[in-house]
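These numbers come from the heavy atoms of this one structure, side chains and all, not from hydrogens, waters or symmetry mates. In this text the structure is predicted, and so the values were computed from the model without any measurement. Per chain, numbering begins at 1; letters A, B, ... match sequence-line order.
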Protein chains: 2
Amino acid sequence: VIVVHQVTKTYGMGDTEVHALAGVSLAIQRGDFVAIMGASGSGKSTLMNILGCLDLPSTGRYLLDGVDVQGLDETQLAEVRNRKIGFIFQSFNLIPRTSAIANVELPMVYAGVKKAERRERALLAMESVGLAKRLNHTPAELSGGQQQRVAVARAIATNPAMILADEPTGNLDSAASADVLDLFEALNAEGRTVVLITHENEVADRAKRVIRLRDGRILEDVRNQPL
Amino acid sequence: VIVVHQVTKTYGMGDTEVHALAGVSLAIQRGDFVAIMGASGSGKSTLMNILGCLDLPSTGRYLLDGVDVQGLDETQLAEVRNRKIGFIFQSFNLIPRTSAIANVELPMVYAGVKKAERRERALLAMESVGLAKRLNHTPAELSGGQQQRVAVARAIATNPAMILADEPTGNLDSAASADVLDLFEALNAEGRTVVLITHENEVADRAKRVIRLRDGRILEDVRNQPL
Ligand SMILES: Nc1ncnc2c1ncn2[C@@H]1O[C@H](COP(=O)(O)OP(=O)(O)OP(=O)(O)O)[C@@H](O)[C@H]1O
Ligand SMILES: Nc1ncnc2c1ncn2[C@@H]1O[C@H](COP(=O)(O)OP(=O)(O)OP(=O)(O)O)[C@@H](O)[C@H]1O
Ligand SMILES: [Mg+2]
Ligand SMILES: [Mg+2]
């Protein structure tokens, strides 16, 4: 479902040039469960943003379901994101002054899901992350880990074919982390592709495959469980 | 240096009432190194914001160096914060579109530190968190873990008597986390009080004392190393 070929991402020019990705190639088949690890600043989020069609590579090819994203315009990229991908940002990116449940429903509004079904799926998603009692709280009225879980609920409520999660348990204690991982495992067992970034070994241990980045390149790519 | 007596914090009213803190009492002596743990939503950040004079309790007493904060107005609270406390927010709270080094210098601007000395201390702080090569990057041009480390640098550059850190390693890999903890241990060895929130046992293991919260109350308070 994903083919990345010799992708680079460079920021800035001259002496402030940063090679966030210095040549990455990988393929991810439908239904895989991949953990991306690496030191702070090694290029994980940059790679994830490209996989999620939120950013384009500087050079190289990215094919999503056989379609080269380079050929798509902004509207088509947004449509691909909305239909195929559930994205969980490292900084949550919830809409301020908007209730948690409205935040979870928003991607479904764009996807044209009817109101009653939207509300029902949003409620189910909030329950599955343990926040049934926080539906009407705005982000400012939620703890850090609760905001993170709302971001998880928002990504899964559209039933996406692929979930891309950037540090989804960074602010969670081990019980809440295990709940989120149980959720990802259940979604993966249904055939959805899960790619997550983590710096925690306990989280990576539950993936089927671990890719380690270092200074914008793949250091190793290890399969721990069969597809 | 800190005395908290029967502090509560309640949000909302009626059926949306949330008891973030339901009666917390504790004392922290100068030079202690305390880790605060607990499930997501258990009241850790709420307690930390009260300790850092960023928020007032609903009921109960908070004495910082013998001074009851209830009697202070906004300006006096800001002065106490600026002079005595280095605060690291769970969501970093860096000023957007402002370089990392300007962010680190800002508390020293408020404290009236001269320009040359400000710059020198900010440089030292950025080096101590491993970001000497990212001085002029704005938050948007930094990875999540790099933003977190700028927030750490900002909190220590004023040489505060007390450091309050809310999940300072949430976005860091184990090497970068160990660097930040080495830094806190060195500051603590100089006699500075360190209070940090964490959900990672490896981080709590390095503290002298661990306080666990549950549903807004202290579940246990255990000294692991002598003061
Ligand atoms: N402004 C607010 N209005 C209403 N409820 C709030 C507000 N701020 C926090 N809360 C609630 O108070 C409780 C404690 O929040 P707090 O941020 O202290 O938790 P925490 O222990 O830091 O959690 P985390 O580990 O997820 O960061 C949470 O259940 C949260 O929903
Ligand atoms: N807009 C930008 N301009 C300049 N440099 C950038 C920009 N965005 C990211 N970088 C740099 O690219 C590198 C990779 O960033 P990235 O966010 O992918 O790292 P990461 O592996 O996700 O790190 P972390 O674990 O800290 O989140 C970093 O060194 C960062 O400073
Ligand atoms: Mg990142
Ligand atoms: Mg918190």
If you count heavy-atom pairs within less than 4.5 Å of chain B, which of A:Leu142, A:Asn136, A:Val18 leads?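 If we count pairs closer than 4.5 Å to chain B, A:Val18 comes out on top.
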
Greatest number of heavy atom pairs closer than 4.5 Å to chain B - which of A:Ala20, A:Gly145, A:Ser40: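 Counting heavy-atom pairs under 4.5 Å, the top option is A:Ser40.
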
Which residue out of B:Ala176, B:Ser177, B:Gly41 racks up the most heavy-atom pairs below 4.5 Å with chain A?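 Highest number of heavy-atom pairs under 4.5 Å: B:Gly41.
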
Can you say whether [X] sits under 4.5 Å from chain A via the side chain, the backbone, both, or neither, judging by heavy atoms?
X: B:Ser143; result: side chain
X: B:Gln146; result: both
X: B:Thr169; result: backbone

Please tell me whether [X] and [Y] have a donor and an acceptor in their side chains that are separated by less than 3.5 angstrom.
X: B:Glu167; Y: A:Asn171; result: no
X: B:Thr8; Y: B:Thr59; result: yes
X: A:Lys9; Y: A:Asn49; result: no

For B:Gln6, does its backbone N or O pair with a side-chain atom of B:Ser25 as donor and acceptor, under 3.5 Å?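 Yes.
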
Please confirm whether the backbone N or O of A:Glu17 pairs with a side-chain atom of A:Tyr11, one donor and one acceptor, at under 3.5 Å?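 Not confirmed, A:Tyr11 side chain does not pair with A:Glu17 backbone.
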
Closest heavy-atom pair and its distance - A:Val4, A:Val24: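 What the structure gives for the nearest pair is CG1-O, 3.3 Å.
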
Chain B contact via A:Gln147 - which portion, at a heavy-atom distance below 4.5 Å: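 For A:Gln147, there is no contact with chain B at all, as no heavy atom is under 4.5 Å.
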
Examine whether an atom of A:Ala39 lies under 4.5 Å from a heavy atom of chain B, and if so say whether it belongs to the side chain, the backbone or both; otherwise answer neither.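 For A:Ala39, the contact with chain B is made by backbone and side chain together.
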
